Amino acid sequence: MIVSQAQQRLHEVFGYSSFRGEQQAIIEHVVAGGDALVLMPTGGGKSLCYQLPALLRDGVAIVVSPLIALMQDQVDALQQLGVKAAFLNSSLDADEARQVTSQLIQGDLDILYVAPERLLLSGFLAQLEQVEMHTGIALFAIDEAHCVSEWGHDFRPEYRNLTALHTRFPNVPRIALTATADAPTRAEIVERLSLENAQQFVSSFDRPNIRYRVTPKHKAREQLETFLETEHANDAGIVYCLSRRKVEETAAWLKARGWDALPYHAGLDASVRNQNQRRFLREEGVIMVATIAFGMGIDKPNVRFVAHLDLPKSMESYYQETGRAGRDGLPANAWMTFGVGDVVSMRQMLDSSDAPAARKQVERQKLDALLGFCESVNCRHQTILRYFGEQHAGNCQQCDNCLHPVDTWDATQAAQMALSAVYRTGQCFGVVHLMDVLMGKSNPKVLQFSHQTLSVFGVGKDIVQSQWSSVFRQLVAGGFLHADIDSHGGLKLTEAARPVLKGLAEVWLRRDAETENRKISKSGRSANAKAAYDGLADDPLWLALKAKRLELAREQAVPPYVIFHDATLIEILNRRPGSLLEMSQIMGVGRAKLDRYGDDFLQVIVAN
Ligand code: ADP
């Protein structure tokens with residue numbers, strides 16, 4: 001029976017007791033020889049969908065992946081499980097490549113990772129034909145299948161030629177996998193890879209373990225540090241910034257304040273980038289401050305937070321970037337701070353780009369959807385999923401809006417004041433000046449333009465500065481005000497402002513809590529079904545288990561999570577196995593790892 005065999009291998013090799021989501025159906029389908037298109041969110045468990053069939057079908061499985069930098073880690077992880085795995089890409093020298101090829105030809109591999117350009121060399125395809133005749137090819141897995149789409153950021157022209165696999169090896173099943181959810185990309189994958197007959201497996205794109213939080217920007221760095229101090233003192237995470245300069249400044253600032261932070265952006269030397277990425281992957285608790293150049297294929301499972309100091313471009317980007325947190329399924333935070341300046345600069349960037357008008361229009365709409373999400377008072381999980389066309393049952397009870405329901409207030413009068421301040425000052429000033437006028441501050445700039453004489457001067461004295469800033473942010477985000485490129489961020493009225501000024505439309509805004517950041521931080525950790533890491537920081541056994549893991553990882557020059565995931569260590573900590581038999585019941589402890597590390601970790605338990 002296929003299923004029981006699959007389950008047996010799942011336990012024996014991977015140390016897992018059950019399949020997740022659609023894994024079993026996908027695996028059965030591929031083992032039986034069918035083609036599949038798998039859409040699953042990051043952390044959903046895509047790798048198992050081809051790794052297990054690779055072990056259950058005869059011959060070698062060929063995995064096409066664009067992520068050369070990661071192949072080594074994936075192969076290391078499989079070898080730790082006792083699987084015969086190897087990779088072929090440009091990082092190998094001629095001798096090493098020859099050795100892998102000869103293993104392949106002798107039928108001595110279960111899984112081979114190959115870069116697409118390598119796979120498509122005619123010589124290599126001819127070798128694969130030999131392999132198919134003699135020892136067999138179990139399957140082709142096409143990872144990151146969205147790379148075939150011209151519309152995405154990750155377009156790889158070589159992916160277009162992967163149809164060669166279908167034409168030359170019509171009897172070998174193919175499984176294409178991606179975490180990109182949208183329907184146009186899916187259609188393009190089917191068409192470009194000739195997967196018309198493939199069964200599609202579409203999972204929910206919810207990431208239940210990620211806690212989303214959007215917080216108004218006051219002093220972004222200090223807010224970030226408070227967030228790190230209260231919730232992630234020892235954790236690995238990513239801090240996204242828009243510009244290279246801001247990446248460097250933020251990394252340097254964090255470093256000067258004692259955080260283990262590194263910069264990453266496309267302007268750094270390749271060697272520095274590689275070294276920083278390596279430290280992030282191989283060490284514990286490193287914070288990567290990065291532009292979006294960092295991310296694709298970062299499959300470090302225990303990234304505990306993703307922080308955004310600047311707005312992403314769209315909901316798609318936000319989902320993808322925050323999705324790098326918590327691949328291991330343990331609780332993780334997606335934290336973002338944003339203010340009116342972000343909205344203004346994103347809008348200006350869009351307006352001033354050289355993209356064709358139609359494309360700009362689409363990008364504007366995408367940004368507006370993201371702004372709508374930021375200002376939303378509803379459950380974040382629901383809002384995200386609705387955007388991707390999926391229903392979400394009930395509120396998540398763990399995002400900022402669910403934990404601390406947000407008030408809305410009738411801001412019609414305040415909006416009228418703000419909009420008329422824009423109008424009376426001539427529609428060319430930025431938010432800071434407009435707030436000064438409204439609050440009646442006779443500073444040099446106000447005096448220079450004689451704005452102390454305007455009827456709007458001082459009419460907004462009763463509203464504090466942070467609330468004015470919230471009003472302006474929401475008026476810009478809501479499309480009542482537009483940032484003009486020609487006047488360096490000066491705000492102009494839009495058509496939507498007219499009915500408000502005439503008293504024909506009401507404006508309701510969210511009431512930002514002054515202390516929101518702190519308040520949520522404090523209760524945040526315990527709000528969810530008891531965060532897995534609570535109280536672990538000082539537990540001597542936890543520290544000893546982690547130290548042992550790091551020692552073993554260093555000896556073999558692999559990342560710590562390749563030895564055991566955090567979830568496995570936490571289960572060891574909680575269950576304190578006293579024998580190898582008990583150890584074998586722990587999630588993530590398969591046969592090979594039990595043999596290799598069982599005794600080491602039993603000793604750590606005894607000693608603590
Ligand atoms: P994806 O490629 O979809 O982002 P991965 O294949 O890296 O996800 O899997 C995410 C995490 O889930 C990994 O740590 C993996 O070991 C774990 N995992 C996958 N399937 C199972 C399962 N059936 N039981 C327990 N853990 C699993």
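Along the sequence shown, the residues carry numbers beginning at 1. These figures come from a predicted structure and were not determined experimentally.
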Sequence neighbours left out, what passes side chain to side chain contact (heavy atoms under 4.5 Å, CB included) with L309? Give chain and number order.
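Scan of L309 (side chain to side chain contact (heavy atoms under 4.5 Å, CB included), adjacent residues dropped) gives A220, L224, V239, C241, K246, T250, W335, T337.
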Could you tell me whether the side chain of [X] and the main chain of [Y] form a donor-acceptor pair under 3.5 Å?
| X | Y | answer |
| --- | --- | --- |
| W468 | V431 | no |
| D407 | R511 | no |
| K492 | L481 | no |
| N276 | L262 | no |
| S353 | M349 | no |
| R510 | S376 | yes |
| N443 | V446 | yes |
| D342 | G339 | yes |
| T494 | G479 | yes |
| R273 | A266 | yes |

So, are [X] and [Y] salt-bridged, with charged N and O less than 4.0 Å apart?
| X | Y | value |
| --- | --- | --- |
| D512 | K217 | no |
| K360 | D354 | no |
| R347 | E363 | no |
| E283 | R278 | no |
| R245 | E249 | yes |
| D260 | K255 | no |

Do [X] and [Y] have side-chain heavy atoms sitting under 4.5 Å apart?
| X | Y | value |
| --- | --- | --- |
| F388 | E316 | yes |
| F305 | L228 | yes |
| E495 | F480 | no |
| L493 | Q427 | yes |
| P66 | E144 | yes |
| R498 | V500 | no |
| H451 | D436 | no |
| Q465 | M439 | yes |

Can you check whether [X] and [Y] have ring centres sitting under 6.0 Å from each other?
| X | Y | value |
| --- | --- | --- |
| F294 | H265 | no |
| Y318 | H308 | yes |
| F280 | Y264 | no |

May I ask you to check whether over 12 heavy atoms, not counting those of [X], lie within 6.0 Å of atom [atom1]?
| X | atom1 | result |
| --- | --- | --- |
| L350 | CG | yes |
| Y423 | OH | no |
| R424 | CZ | no |
| Q413 | CD | no |

What's the verdict on side chain to side chain contact (heavy atoms under 4.5 Å, CB included) for Y212 and T383, showing C-alpha distance, side-chain angles and the deciding distance?
CA-CA 11 Å; Y212 300 99; T383 313; over 6 Å; no
Shortest non-hydrogen contact between [X] and [Y], atoms and distance:
| X | Y | answer |
| --- | --- | --- |
| N333 | H232 | ND2-NE2, 3.0 Å |
| L370 | P312 | CD2-O, 3.2 Å |
| R20 | G43 | NH1-O, 3.3 Å |
| C379 | C399 | CA-SG, 3.9 Å |
| A176 | L193 | CB-CD1, 4.3 Å |
| I463 | A414 | CD1-CB, 3.9 Å |

Measure the [atom1]-[atom2] distance between [X] and [Y] for me, rounded to the nearest 0.5 Å.
| X | Y | atom1 | atom2 | value |
| --- | --- | --- | --- | --- |
| C396 | Q382 | SG | CD | 8.0 Å |
| D566 | L330 | CG | CG | 6.5 Å |
| F201 | C49 | CZ | SG | 9.0 Å |
| Q320 | T42 | CD | OG1 | 7.0 Å |
| C147 | F155 | SG | CZ | 9.5 Å |
| M346 | L367 | CE | CG | 5.5 Å |

Check: [X]/[Y] side-chain N/O donor and acceptor closer than 3.5 Å:
| X | Y | value |
| --- | --- | --- |
| T412 | Q416 | no |
| Q452 | S442 | no |
| H565 | N302 | no |
| T453 | S450 | no |

Check whether NZ of the Lys or CZ of the Arg R380 lies under 6.0 Å from the centre of the six-membered ring of F373 and within 45 degrees of that ring's axis.
yes
If you apply the rule side chain to side chain contact (heavy atoms under 4.5 Å, CB included), what do you find for H433 with K445, and how did you get there?
CA-CA 8 Å; H433 183 74; K445 190 169 174 189; 3.7 Å; yes
Using side chain to side chain donor-acceptor pair (under 3.5 Å), reason through S149 and E188 one step at a time and then give a plain yes or no.
CA-CA 6 Å; S149 164; E188 212 180 341; 2.8 Å; yes
What verdict does the side chain to side chain contact (heavy atoms under 4.5 Å, CB included) test give for V148 and R156, after you've listed the backbone C-alpha separation in whole Å, the side-chain angles of each residue and the deciding distance to 0.1 Å?
CA-CA 6 Å; V148 81; R156 303 285 167 115; over 6 Å; no
Carefully, step by step, assess T291 and L242 under the rule side chain to side chain contact (heavy atoms under 4.5 Å, CB included).
CA-CA 6 Å; T291 61; L242 200 58; over 6 Å; no
Walk me through it: do D328 and K300 pass the test salt bridge (Lys or Arg N to Asp or Glu O under 4.0 Å)?
CA-CA 9 Å; D328 53 11; K300 183 180 171 75; over 6 Å; no
Checking side chain to side chain donor-acceptor pair (under 3.5 Å) for the pair Y561/R327: CA distance, chi angles, key distance, verdict?
CA-CA 12 Å; Y561 58 80; R327 287 175 82 116; over 6 Å; no
For a salt bridge (Lys or Arg N to Asp or Glu O under 4.0 Å) check, start with the C-alpha distance between E191 and R186, then their side-chain angles and the critical distance, and finish with the verdict.
CA-CA 9 Å; E191 190 199 325; R186 196 195 316 177; over 6 Å; no
